[in-house]
Amino acid sequence: MQLEIRPDPAEVGRARQWARSRLAGLGIEADEPLAETLVLLVSELVTNAVVHTGRPAVLRLSLPGTVEETAQEAEADESATVRLEVADTSSRAPVPRCVGSDATGGRGLALVDCLADRWGWNAEGSGKSIWCELDRCSQAGEGAAVAYGGGLSAYEDLAFEAV
């Protein structure tokens with residue numbers, strides 16, 4: 001499933017709301033760690049696309065379960081993976097940048113790195129797609145603590161800018 005994103009900062013809130021509604025349709029409660037993390041990742045990746053490209057983008061979610069599958073069956077699949085992608089028309093790859101501890105931005109992809117089980121980017125047509133995956137059975141671990149300032153990150157003051 002996908003959502004067209006206009007190059008407008010207000011789209012970030014709309015994208016979060018859309019993602020929450022899709023999760024609720026699969027029986028994933030809004031206060032489940034998976035849902036909270038996924039919504040945060042949607043926010044970060046859509047913000048990067050809107051702010052750094054100024055062009056339309058597409059948010060894609062691949063969620064465990066199907067319309068035919070019941071919520072109970074989806075919950076039983078502990079190995080299910082949720083995949084989030086944001087595709088834009090900028091061909092520039094995500095590039096690392098250093099930000100100081102007082103900076104108010106510049107940590108989006110470092111946060112994605114800490115919270116997602118996997119992430120990366122691919123060339124897509126004349127643009128790119130930045131993606132991340134969350135395994136439904138994963139527990140919030142050290143990555144979440146680092147992302148919220150509670151541990152050491154391999155990146156320390158190095159953050160990523162998606163352009």
Student: To check you understand the geometry: which heavy-atom pair defines the closest contact between Cys132 and Val112, and what is its length?
Tutor: CB-CG1, 4.0 Å
Student: Are the side chain of Asp88 and the backbone N or O of Ala57 linked by a donor-acceptor pair below 3.5 Å?
Tutor: no
Student: Are any of the side-chain heavy atoms of Val58 and Ile5 separated by less than 4.5 Å?
Tutor: no
Student: In this structure, would Val51 and Val42 fall into the same cluster of hydrophobic residues linked by side-chain contacts under 4.5 Å?
Tutor: no
Student: Is any side-chain heavy atom of Thr81 less than 4.5 Å from a side-chain heavy atom of Leu134?
Tutor: no
Student: Decide yes or no for Leu45 and Leu109: does some side-chain heavy atom of the first lie under 4.5 Å from some side-chain heavy atom of the second?
Tutor: yes
Student: Does some side-chain heavy atom of Trp131 sit less than 4.5 Å from a side-chain heavy atom of Arg83?
Tutor: yes
Student: May I have the list of side-chain donor-acceptor pairs in residues 15-22 shorter than 3.5 Å, sequence neighbours left out?
Tutor:
unit_1: Arg16; atom_1: NH1; unit_2: Ser43; atom_2: OG; d: 2.9
unit_1: Ser21; atom_1: OG; unit_2: Trp18; atom_2: O; d: 2.7

Student: CG of Leu34 to CG of Asp135: how many Å apart, nearest 0.5 Å?
Tutor: 9.5 Å
Student: Which pairs with one or both residues in residues 47-61 pass salt bridge (Lys or Arg N to Asp or Glu O under 4.0 Å), sequence neighbours excluded?
Tutor: Arg60-Glu85, Arg60-Glu124
Student: Keeping Lys128 on the side-chain end and Thr89 on the backbone end, is there a donor-acceptor pair under 3.5 Å?
Tutor: no
Student: Using the test salt bridge (Lys or Arg N to Asp or Glu O under 4.0 Å), find all partners of Glu11 that sit at least two apart in sequence or belong to another chain.
Tutor: Arg6, Arg14
Student: Would a 4.5 Å heavy-atom cut-off, applied to side chains only, mark Asn122 and Ile130 as touching?
Tutor: no
Student: Does Leu59 reach the side chain of Gln2, with side-chain heavy atoms less than 4.5 Å apart?
Tutor: no
Student: If you apply the rule side chain to side chain contact (heavy atoms under 4.5 Å, CB included), what do you find for Leu41 with Leu115, and how did you get there?
Tutor: CA-CA 8 Å; Leu41 293 171; Leu115 294 176; 4.2 Å; yes
